[in-house]
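Structure first, then comments.
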Amino acid sequence: MDSSDTYWNDRALLEWQVELGATDAILDAPVDRYALEVAQPAPKAAVPEKPVTAAPMPPKKVEVDAVGLAHTAAQTASDLDALSAAMQAFEHCELKKGARSFVFCDGNPAARVMIIGEAPGREEDRAGRPFVGRAGQLLDRMLEAIQMGRAADDAARSVYITNVLPWRPPSNRTPDKDEIAMMLPFLERHVALVNPEIIVLMGNTPCQALLGRTGITRMRGSWTEVLGKPCLPMFHPAYLLRNPIAKREAWADLLALNARLRG
Ligand code: URA
């Protein structure tokens, strides 16, 4: 066997071992593979810790002192036009969003009597004037009965009419205490600017606003004082439409008002 035969024999043997799965060449000395250190993966580079950030909070609701803002706005109004403008610019009463009109007043600002109702109803919201619906028409007839009216030029015979709220509550519901409190500074300023001799409160809502109590059935017909002026609580004309029997008491109250004016 020459040297080239040996080469080809060795090569064939090696290929046969590789085919059987051998991966390492046979060394001169055996290798103790248990003693070999298992290569550890290189430690990961330390990742800098993320700064702890607080979970995002929902935006904080800013509490608005609507009564305080109303007070400031009302006090800066030096006449009725300015008061009307300040009220129309007041954005904190939700009723404004649902109302068609801003209803401020009717009648003669020089009148001796200021009548204060509750809030505009559907007809008033349409017309932009207080007391123009059925209740308002009854009010006009009641005033006529004592020779008074909103259209009279003569201050002695005329009345000035407004409401606690200038915007119609949805479905004519009764105004709630927060709405009344929010608009009260404007009403107080309204009274101060008109400066009537006598105030008539029509129904429970103006009694709640200006006297701090309700119970019109007990309160009606009893003179009291509000904002330094004589004041007469009366049944609301809408109540009289529903309860015609109560017109007797309303008539007595009208006579008492007339007597005070002419006395
Ligand atoms: N009722 C009120 O109290 N005011 C109005 O203007 C109309 C109805």
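Remember, it's 1-based here, ligands and their atoms both numbered in the order they're listed.
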Notebook entry, point to check: Considering only the protein, which heavy-atom contact is closest to atom 4 (N) of ligand 1, and what is its distance?
Noted result: Asn163 OD1, 2.8 Å
Margin query: Between ligand 1 and Pro120, is the shortest N or O to N or O distance under 3.5 Å?
Written below: no
Check: Looking only at heavy atoms, is any part of Pro130 under 4.0 Å from ligand 1, and if so is it the side chain, the backbone, or both, or is it neither?
Finding: both
Check: Taking heavy atoms and a distance under 4.0 Å, where does Glu124 meet ligand 1: side chain, backbone, both or neither?
Finding: side chain
Next item on the list: Could you tell me if the ring centre of His190 sits under 6.0 Å from that of Phe104?
Entry: yes
Indicate the atoms forming the closest heavy-atom contact of [X] with [Y], along with that distance.
X: Arg157; Y: Gln147; value: CD-O, 2.9 Å
X: Pro233; Y: Ile216; value: CB-CD1, 3.8 Å
X: Ala155; Y: Asn108; value: CA-ND2, 4.0 Å

Next item on the list: Select the closest option to atom 2 (C) of ligand 1 among Gly121, Pro166, Gly117, Ala119, judged by heavy-atom distance.
Entry: Ala119
Notebook entry, point to check: Which atoms from ligand 1 have a heavy atom of His236 less than 4.0 Å away?
Noted result: 1 (N), 2 (C), 3 (O)
Next item on the list: For the pair Ser101 (side chain) and Asp125 (backbone), establish whether a donor and an acceptor sit closer than 3.5 Å, ignoring hydrogens and angles.
Entry: yes
